Amino acid sequence: MEDKKVILSGIQATGNLTLGNYIGALKNFVRMQDEFDCNYMIANMHALTVRRDPAELKENTLKVLATYIAAGIDPEKSTIFVQSQVREHAELGWVLDCYTYMGELNRMTQFKDKSAKHADNINAGLYTYPSLMAGDILLYQADIVPTGEDQKQHVELTRDIAERFNKLYGDTFKIPEPYIPKAGARIMGLQDPTSKMSKSSTIPNDTILLVDTPEDIMKKVKKAVTDSEGVVKYDVANKPGVSNLMTIYSVINNITLDDVEKEFEGKGYGDFKTAVAEAIVKELEPFHKKYNELMNNREYLEKIYTEGAKKASEKASKTLRLVYEKVGLI
Ligand code: TRP
């Protein structure tokens with residue numbers, strides 16, 4: 001038990017999660033919980049870097065929690081917690097702010113993207129977001145951080161901060177490795193298959209939400225952008241739309257892209273799309289049922305996050321105590 005590698009990852013408490021989150025993140029989270037000591041966080045403090053409606057932020061926090069459990073994360077096996085309930089995150093975040101250079105933060109692509117998108121609210125939290133995230137990871141002495149390609153830069157900065165700190169004060173933090181799962185790491189938009197499927201996409205029918213009805217899913221997949229070739233073949237450069245649908249189908253059915261090509265040889269996009277949509281609907285059916293049950297059982301959710309916070313805090317406080325000692329905070 002003690003020598004299990006430690007995993008830490010988190011999803012921001014913003015809006016409804018997508019099929020991209022499910023395939024790229026959640027399915028991996030679930031797969032890893034038997035082998036590793038897993039900590040899954042709901043990053044609600046990170047969500048504050050953009051103006052949010054308070055009631056909505058609270059509701060979204062519970063939605064992500066219900067999504068975690070409905071997707072198969074077992075609160076008995078993994079530590080599931082809400083970031084704001086474990087005070088050590090804010091505390092270590094501040095300390096790490098003092099060990100992160102502005103030059104490093106200036107290079108973060110997410111900061112540049114978000115500043116462009118929210119030009120009227122480029123706040124200090126948006127800027128120091130990566131130090132808070134470094135704290136999330138380092139508090140748990142995580143070995144591995146499963147995440148999307150877009151977060152790799154933040155994990156690399158976390159490593160730099162940890163190494164800098166260790167050099168100054170002696171071994172304190174484990175140096176974490178980013179882990180970007182190959183299969184399905186990047187599920188793309190259905191209308192714009194050259195950019196990642198995102199809950200914040202403004203293009204209609206671009207994103208499949210986990211709460212979409214089977215009818216929505218069928219409609220969106222049927223409308224997905226393809227090409228005029230009419231052949232189900234994997235070729236991201238020339239056939240990004242079809243390739244994306246193939247990825248979705250292969251990950252859900254646990255088969256290779258070659259298998260998908262063979263299965264649809266000589267068949268048109270109509271048949272292919274129907275099969276993809278049906279696979280998604282079937283995959284999400286048990287998820288929907290569980291998710292709705294959970295969202296109707298607030299007491300249970302409260303119990304889970306309260307217990308999760310206790311477990312997380314026990315681990316996090318050990319690291320924070322060590323850090324305070326090292327830097328000389330009483
Ligand atoms: N920044 C991540 C995102 O936007 C969310 C996150 C916060 C996270 N803290 C983390 C991810 C720690 C991995 C580890 O998706």
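Note that ligands are numbered from 1 as they come in the structure, with each ligand's atoms numbered from 1 the same way. Note that this is a predicted model, so its numbers are computed, not measured.
Looking at T274 and K222, their side chains do bring a donor and an acceptor atom within 3.5 Å of each other. Counting only N and O atoms by type, the side chains of D97 and T100 include no donor and acceptor under 3.5 Å apart. Side-chain atoms of N244 and T247 include no donor-acceptor pair closer than 3.5 Å.
Using a 30° and 60° split on the angle between ring planes, F287 and Y291 fall in the parallel class, below 30°. Ring geometry for F165 against Y99 counts as perpendicular: the plane angle is over 60°, on a 0 to 90° scale with 30° as the lower cut.
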With side-chain contact (heavy atoms from CB on, under 4.5 Å) as the criterion, how do I252 and I280 come out once you've worked through the C-alpha distance, each side chain's angles and the decisive distance to 0.1 Å?
CA-CA 7 Å; I252 289 180; I280 299 170; 3.8 Å; yes
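Every protein residue with a heavy atom nearer than 4.0 Å to ligand 1 is included here: L8, S9, G10, Q12, M41, A43, H46, Y129, M133, D136, I137, V145, Q151.
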